There are 2 protein chains.
Amino acid sequence: MTSDSEQKRTCGCERVPEQTVSRLPVYRRCLMQASAIGVQVINSLQLAQMAGTNAAQVRKDLSYLGELGTRGIGYDVAALRGHLSEVLGVGERRRVALIGFGRLGGSLLGYRGFFERGFDIVAVFDVDPVRVGTLVDWHGAVPKGLTVRSIEHIERDLLDLDVEIVMLAVPMEVAQVMAERVVRGGVSAILNFAPVALELPEHVLVRSVDMSTDLQVLSYHLSRQG
Amino acid sequence: MTSDSEQKRTCGCERVPEQTVSRLPVYRRCLMQASAIGVQVINSLQLAQMAGTNAAQVRKDLSYLGELGTRGIGYDVAALRGHLSEVLGVGERRRVALIGFGRLGGSLLGYRGFFERGFDIVAVFDVDPVRVGTLVDWHGAVPKGLTVRSIEHIERDLLDLDVEIVMLAVPMEVAQVMAERVVRGGVSAILNFAPVALELPEHVLVRSVDMSTDLQVLSYHLSRQG
DNA sequence: TTATGTGAAGTGCTTCACAGCA
DNA sequence: TGCTGTGAAGCACTTCACATAA
């Protein structure tokens with residue numbers, strides 16, 4: 001190991017390509033599955049097949065994080081998983097709030113995957129007075145006794161609860177306004193489910209999930225090769 | 001207009017970059033919004049601002065589809081929207097089936113956006129006998145009287161119903177098997193909500209939606225700039 | 001011998017800058 | 001004059017091919 005690669009591992013100053021970052025969670029999940037069936041060492045080809053990519057890509061991606069493998073052998077599953085968890089910032093748990101307790105919001109709460117991957121939903125907000133006060137701890141994926149809050153004091157609540165990430169599952173008409181309030185609540189990462197481009201300060205991280213866009217992309221390809 | 005650009009428009013043989021394709025639905029949605037407030041002509045900068053990109057990108061993207069604008073003026077909103085609908089293959093309606101009527105599947109059915117964008121959910125399947133037979137036409141987004149079907153004869157049902165696209169909202173453990181059955185049902189486009197890489201024949205189109213991956217990407221960036 | 005780590009080559013997308021038209 | 005359409009330049013990611021190390 002050169003002092004140069006030591007640099008990479010310890011300081012993390014190296015720029016990791018955005019597309020590599022979005023594959024890291026996939027690798028991490030594959031390693032969990034490998035662990036679960038007792039695999040202790042894995043090579044780039046095996047990992048690639050689980051993740052749906054190719055061996056060269058896996059090696060390149062992982063090399064951005066340091067020299068994590070052993071030549072002639074492969075990667076230690078437990079060690080690599082730990083490393084990825086750390087890099088992804090899910091070593092400790094992350095505090096997440098959900099805004100919008102409609103049909104979509106409700107289904108998000110029911111998804112165990114968030115909890116299993118290090119995310120705790122610590123608050124749920126909704127405008128609708130009928131929904132406010134509803135108990136939402138039905139799955140063990142959220143803390144006992146969590147109830148839906150009014151959005152009235154959302155800025156203060158988000159600050160008090162030290163929320164880092166917000167899942168925004170509100171109608172598109174109100175998404176921009178709610179996003180701005182969320183930012184005033186000290187949150188700088190938003191997972192947006194509304195089909196609108198949010199305009200927010202530079203420093204705020206936004207990722208959007210839009211299923212109907214994906215459907216339309218499928219439709220496009222169907223139109224010419226189906 | 002040159003005979004060369006005429007080629008593009010009529011034959012559609014030009015290869016459109018994948019990333020451009022995934023922005024087309026966004027442009028289409030923005031044009032709908034523009035129409036709704038009475039805008040008849042729009043230029044690349046305005047469209048870019050609505051879509052969350054830049055003017056050069058918009059012009060480049062649209063130029064792959066032909067010469068759709070008027071120099072010195074901009075783009076005709078209605079004409080461009082129609083063109084995008086056609087290119088995206090949502091000129092006529094698309095027949096979609098949902099597999100998995102759990103929490104996520106249920107919330108997908110409640111989303112009007114699919115219907116509004118040209119997709120009709122013509123069938124819902126689930127393994128759970130308790131759910132089979134449930135009436136799901138609660139929103140007008142699906143045909144009157146639609147009930148949950150058993151997956152027992154899903155291959156035959158998909159063929160009979162002429163389903164083109166499947167939304168796969170089942171637990172990850174059964175996703176691969178269900179995907180294979182879906183393909184045997186003549187479907188060649190799948191929107192996959194399970195966090196696994198589906199291994200399917202070359203000709204099958206797959207897009208995956210994985211919210212926990214997006215959360216982890218946000219977490220990564222929070223860890224180093226937050 | 002085997003499998004990683006990595007410069008270099010290849011590919012594809014974005015941005016620039018301006019020619020081309022209305 | 002104003003805005004589109006587009007080669008060309010720039011940038012980023014992927015793939016290759018092999019030196020490197022166990």
Side-chain angles (χ1 to χ4, degrees), chain A residues 1-9 14-24 26-27 31 34 39-77 79-80 83-84 87 217 220, chain B residues 1-9 14-24 26-27 31 34 39-77 79-80 83-84 87 217 220:
Chain A
M1 184 186 305
T2 67
S3 68
D4 194 50
S5 71
E6 185 64 22
Q7 274 281 316
K8 271 186 226 165
R9 178 178 299 185
E14 282 283 320
R15 199 192 141 275
V16 180
E18 194 59 27
Q19 316 238 34
T20 293
V21 173
S22 62
R23 277 187 298 266
L24 297 182
V26 180
Y27 298 146
L31 292 167
V39 175
Q40 296 188 335
V41 173
I42 197 168
N43 66 36
S44 57
L45 181 58
Q46 296 168 314
L47 188 48
Q49 282 167 344
M50 294 183 76
T53 178
N54 64 70
Q57 182 82 82
V58 168
R59 291 202 301 277
K60 191 63 145 185
D61 285 342
L62 297 180
S63 76
Y64 288 112
L65 314 178
E67 297 197 358
L68 306 177
T70 308
R71 296 175 197 221
I73 306 291
Y75 300 89
D76 181 274
V77 172
L80 183 53
H83 217 96
L84 288 177
V87 168
V217 171
Y220 170 87
Chain B
M1 184 185 303
T2 66
S3 68
D4 194 49
S5 70
E6 186 63 23
Q7 274 282 314
K8 271 187 229 167
R9 179 178 297 185
E14 282 284 319
R15 200 192 140 277
V16 180
E18 195 57 28
Q19 316 239 33
T20 293
V21 172
S22 62
R23 278 188 297 267
L24 298 182
V26 180
Y27 298 146
L31 292 168
V39 175
Q40 297 189 333
V41 174
I42 198 168
N43 66 35
S44 58
L45 181 59
Q46 296 168 314
L47 187 48
Q49 284 167 343
M50 293 182 78
T53 179
N54 64 70
Q57 182 82 81
V58 168
R59 291 201 302 277
K60 192 62 145 184
D61 285 342
L62 297 180
S63 76
Y64 289 111
L65 313 179
E67 296 196 0
L68 307 176
T70 309
R71 296 173 198 223
I73 307 290
Y75 300 88
D76 181 273
V77 172
L80 183 53
H83 218 96
L84 289 177
V87 169
V217 172
Y220 171 88

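Values in this document were obtained by computation on a predicted structure and should not be read as measured data.
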Is [X] near enough to [N] that one of its side-chain N or O atoms lies under 4.0 angstrom from OP1 or OP2?
X       : N      : result
B:Ser44 : D:dC3  : no
B:Asn54 : C:dT15 : yes
A:Tyr64 : D:dC13 : no

I'd like a list of close polar pairs between nucleotides 10-12 of chain D and the protein, N/O only, cut-off under 3.5 Å.
none

Which is more 5' along DNA chain C, the nucleotide nearest B:Ile73 or the one nearest A:Tyr75? Just name the residue.
A:Tyr75

Heavy atoms, side chains only, cut-off 4.5 Å: are [X] and [Y] in contact?
X       : Y       : answer
B:Ile42 : B:Met50 : yes
A:Leu80 : A:Leu47 : yes
A:Leu24 : A:Leu65 : yes
B:Leu31 : B:Tyr75 : no
A:Lys60 : A:Thr20 : no
B:Val77 : B:Gln40 : no

Could you say whether A:Thr70 or B:Thr70 is positioned toward the 5' end of DNA chain D, judged by the nucleotide with the nearest heavy atom to each?
B:Thr70

Is it the case that the side chains of B:Tyr27 and B:Asp61 hold a donor-acceptor pair, with the cut-off being a distance below 3.5 Å and no angle test?
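Side-chain D/A pair, B:Asp61 to B:Tyr27: present.
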
Nearest whole angstrom, please: distance from the [atom2] of [N] to the [atom1] of [X].
X       : N      : atom1 : atom2 : answer
A:Gln57 : C:dG10 : CD    : P     : 18 Å
B:Asp61 : C:dT15 : CG    : C1'   : 12 Å
B:Leu47 : D:dT4  : CG    : P     : 10 Å
A:Arg71 : C:dG5  : CZ    : P     : 6 Å
A:Lys60 : D:dC16 : NZ    : C1'   : 10 Å

Rounded to 10°, tell me the angle between the two end axes of the helix from C:dT1-D:dA22 to C:dA22-D:dT1, each built from five pairs.
0°

Using atom types as modelled and distance alone, determine if a side-chain donor or acceptor of B:Gln49 lies under 3.5 Å from a backbone N or O of B:Gln46.
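Judged by distance alone, no pair lies under 3.5 Å.
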
Using atom types as modelled and distance alone, determine if a side-chain donor or acceptor of B:Gln57 lies under 3.5 Å from a backbone N or O of B:Asn54.
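Looks like no, no N/O pair under 3.5 Å.
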
Could one point to a donor on the side chain of A:Arg59 or the base of C:dT4 with an acceptor on the other under 3.5 Å away?
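No pair found.
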
